[in-house]
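Note: hydrogens, waters and symmetry copies are ignored here, and every other heavy atom, side chains too, is used. In the text below, chain A, chain B and the rest are named by the order of the sequence lines, each starting its count at 1.
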There are 2 protein chains.
Amino acid sequence: MVKRRRRTVATIKDVAERAGVSTATVSYVLNGTGSVTAATRQRVLQVVAELEYQPNHAARSMRSRSRTLGLILPNGAAGLSTPTLAELVAGLTEAAANHGYYLLLAGDPVQSEHLVATSLARTGRVDGFVLLDLQVDDERSAHLTAAGVLHVGVGAPASGNACPGLSFDLTGGALIATRSLRTLGHRRIALINLPSELTDSDLLYQGFAKALTETGEEVAPSLIVEAGTSQDDGLAAMQELLAQPEGPTAVLAASDELAFGAMHALRDAGIEVGRDVALIGCGDVPLAAHTHPPLTTLRAPRRALGAALAHTLIALVEQQPLPSFTPLPLQLIVRKTTCPLPE
Amino acid sequence: MVKRRRRTVATIKDVAERAGVSTATVSYVLNGTGSVTAATRQRVLQVVAELEYQPNHAARSMRSRSRTLGLILPNGAAGLSTPTLAELVAGLTEAAANHGYYLLLAGDPVQSEHLVATSLARTGRVDGFVLLDLQVDDERSAHLTAAGVLHVGVGAPASGNACPGLSFDLTGGALIATRSLRTLGHRRIALINLPSELTDSDLLYQGFAKALTETGEEVAPSLIVEAGTSQDDGLAAMQELLAQPEGPTAVLAASDELAFGAMHALRDAGIEVGRDVALIGCGDVPLAAHTHPPLTTLRAPRRALGAALAHTLIALVEQQPLPSFTPLPLQLIVRKTTCPLPE
DNA sequence: ACCGGTCACTTAACCGATTAACTAGATTAT
DNA sequence: ATAATCTAGTTAATCGGTTAAGTGACCGGT
């Protein structure tokens, strides 16, 4: 009769026994703490390799951190479909892995985001959170801060928020984009901006405004439209601009998504983008290269932003000094939607 | 002198003390096990609410499962950018949440996928894994099975694999797509298929072949090309088809990505898609509606597949009978790339 | 020769839950 | 009346690590 062996993984106790030491010693070896002779260390490591021992995660997190970062997917997790978020997540995952961290995903359910986050943090499932689309006076951030939940936000740091906010250099990007439109001869340049709740919105505006005022021009309020974030919002915004007596000859859209909508509106109005009106988007999602005509846009290093977010959040969690961060530069990718001012 | 109170979350002990019972009783109340009077239950729940107590996850998982499912992102996590995967993940996350599970993301690092998965499982971080792009005789599955790691695969279940495989009804989809091309008068219909390593590849072929043989026709081997998965692969495959003496008048591509590549190849050859040659893709990614001309394609319920994967994997983990699964039906979305056979 | 200090460990407490085993009191069965 | 059973709890072991505190051997200094 064969003794049925329960299939289970090796524990630290198994390693200790086999190596003839106490579990403490094994722990010391594995964590590089305590003092252990080279010989003992060797023996322990040998056994660890033999048994393919890997410390149980739950047991570890009971005494320290869970080495897990949390992310809540907006729109019932549908938001992940947007290339912007997808690449950000890729960057996050990658950078986190380099520090031994993993990413826990949660769809946003019935409850509000900060409740889910707080719950995940209080149960010790995650050490900190990434907040997407940071807003001005973001109440999610306020709630999390009050609950003592560490977090970083995607978006410019804003006065009302206690958390670090990381973003692209949208001001610089808007500046070079607008300048390039001016260089092409355009004077009536419009801005289809993000909702003003988003902290990123003002960054864009600042760059846009600077490009105009640096040449002594005025910013025409009628040429600035605050839109939503969807393609339809971009369409509506463009229609609003076209309805004006003196419409724009060039448009800067705060996102590719908005720009796509604007393209639709222009086409519907019988205006040819890239000939009659110049258009610049922001983000450079894959689709941007494949529209007709291909969209001139500001390329955003989304992966790098994801990595920066991970580094910052992990530093926060491990109580190390936060890494310095300068907003990530955008690059103007000139395609076919920009053109000189027609006579 | 005020006693410094360490900021920390309430434990089961705090609840027990405050409610005047033992921790066991609190646990029984919370888990619905044991026997507790209504009065005691009330009191405990009251305290739980007061202290906003939530059981520590690490402590729980030490005794049971971690209630976490794992997913490894292919291509250094870049694969997430593809809408296919993104929506699958959304469906997974959502369905998992309904069972109290969360999704842990890992990018694939230096090590091979099964090693990462095994490590995550052995450390108790995750209970089971979702394997993307299931292959015939998938060695990842073999390794995981050998290591006792529970998993389900995305793709048709294949003879060589021990794990459940969930996929779309690609056979049915290919059947209706090919039939529709035949109805339009086409006779020389080509198939640009996925790599034959993928279990899904054969499913597609079966449907394609059936549509031809059911009307007594032969399947021309020269009109079947095995491609890779990228747009460039689709381009190359189409070029190969065009190089033949009697090229196809209609093409079924196994993915939208491949179809996009095929469109490029056709355009480069001066052939107008949707007039000279009919093309049907598979997947219906968002971009499909926005190409020129918009792509006729088979819509795949990716979210639903994600949900089904979650249900199956959780059943596996909780040792419940696996839910029955029938391959999810595809729907033909007719846009502008299909056309009757030109005279 | 004696003391203090390292070194290289071991022992045992602890993290926060679950749960098997036990107990006292109430109820039912014989 | 006594045993058997049930109810509503409690006690304590346990999961698998980490780490503070303890221990004996060894070394150098006076």
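- At distances below 3.5 Å, at least one donor-acceptor pair connects side-chain atoms of A/Asp200 with backbone N or O atoms of A/Ala156.
- Phosphate contact (OP1/OP2 of D/dG16, side-chain N/O of A/Arg60, threshold under 4.0 Å): absent.
- With rounding to whole Å, A/His57 atom NE2 is found 14 Å from D/dT18 atom C1'.
- Of all nucleotides listed (D/dG9, D/dA8, C/dT10), C/dT10 comes nearest to the side chain of A/Val21.
- Atoms CZ (A/Arg122) and C1' (C/dG16) sit 15 Å apart, rounded to a whole Å.
- For B/Ser27, a side-chain nitrogen or oxygen approaches OP1 or OP2 of C/dT18 to under 4.0 Å.
- A donor-acceptor contact shorter than 3.5 Å is absent between the side chain of A/Ser64 and the backbone of A/Ser61.
- The side chain of B/Tyr53 approaches C/dA17 more closely than any other nucleotide in the set C/dC9, C/dA17, C/dA8.
- Taking for each of A/Ser64 and B/Gly20 the nucleotide of DNA chain D with the nearest heavy atom, the 5'-most of the two is the partner of B/Gly20.
- Of the listed nucleotides (D/dA13, D/dG16, D/dT10), D/dA13 has the atom at the smallest distance from the side chain of B/Arg63.
- Distance A/Leu30 CG to D/dG16 P: 16 Å, rounded to the nearest Å.
- Going from atom CE of B/Met62 over to atom P of D/dC15 covers 8 Å, rounded to whole Å.
- The distance between atom CG of A/Asp14 and atom C1' of D/dC15, rounded to the nearest whole Å, is 13 Å.
- B/Thr23 has no side-chain polar atom (N or O) that falls below the 4.0 Å cut-off from OP1 or OP2 of D/dT10.
- For D/dG9, one of the phosphate oxygens OP1 or OP2 lies less than 4.0 angstrom from a side-chain nitrogen or oxygen of B/Thr37.
- Nearest-nucleotide positions on DNA chain C place A/Ala38 closer to the 5' end than the other of A/Ala38 and B/Pro55.
- Listed pair A/Asn31 / D/dT18 meets the phosphate criterion, a side-chain N or O lying under 4.0 Å from OP1 or OP2.
- The shortest distance between the side-chain N/O atoms of B/Ser22 and the OP1/OP2 oxygens of D/dT10 is below 4.0 Å.
- In terms of modelled atom types and a separation under 3.5 Å, the side chain of B/Thr25 and the main chain of B/Val21 share no donor-acceptor contact.
- Nearest to the side-chain atoms of B/Ala59 among the listed nucleotides C/dA17, D/dG16, D/dT10 stands C/dA17.
- Between the side chain of B/Thr312 and the backbone N or O of B/Ala308 there is at least one donor-acceptor pair closer than 3.5 Å.
- At C/dT10, none of the side-chain N or O atoms of A/Tyr28 fall inside 4.0 Å of OP1 or OP2 (strictly under the cut-off).
- With hydrogens and angles left out, the side-chain atoms of A/Gln46 and A/Glu50 include a donor and acceptor closer than 3.5 Å.
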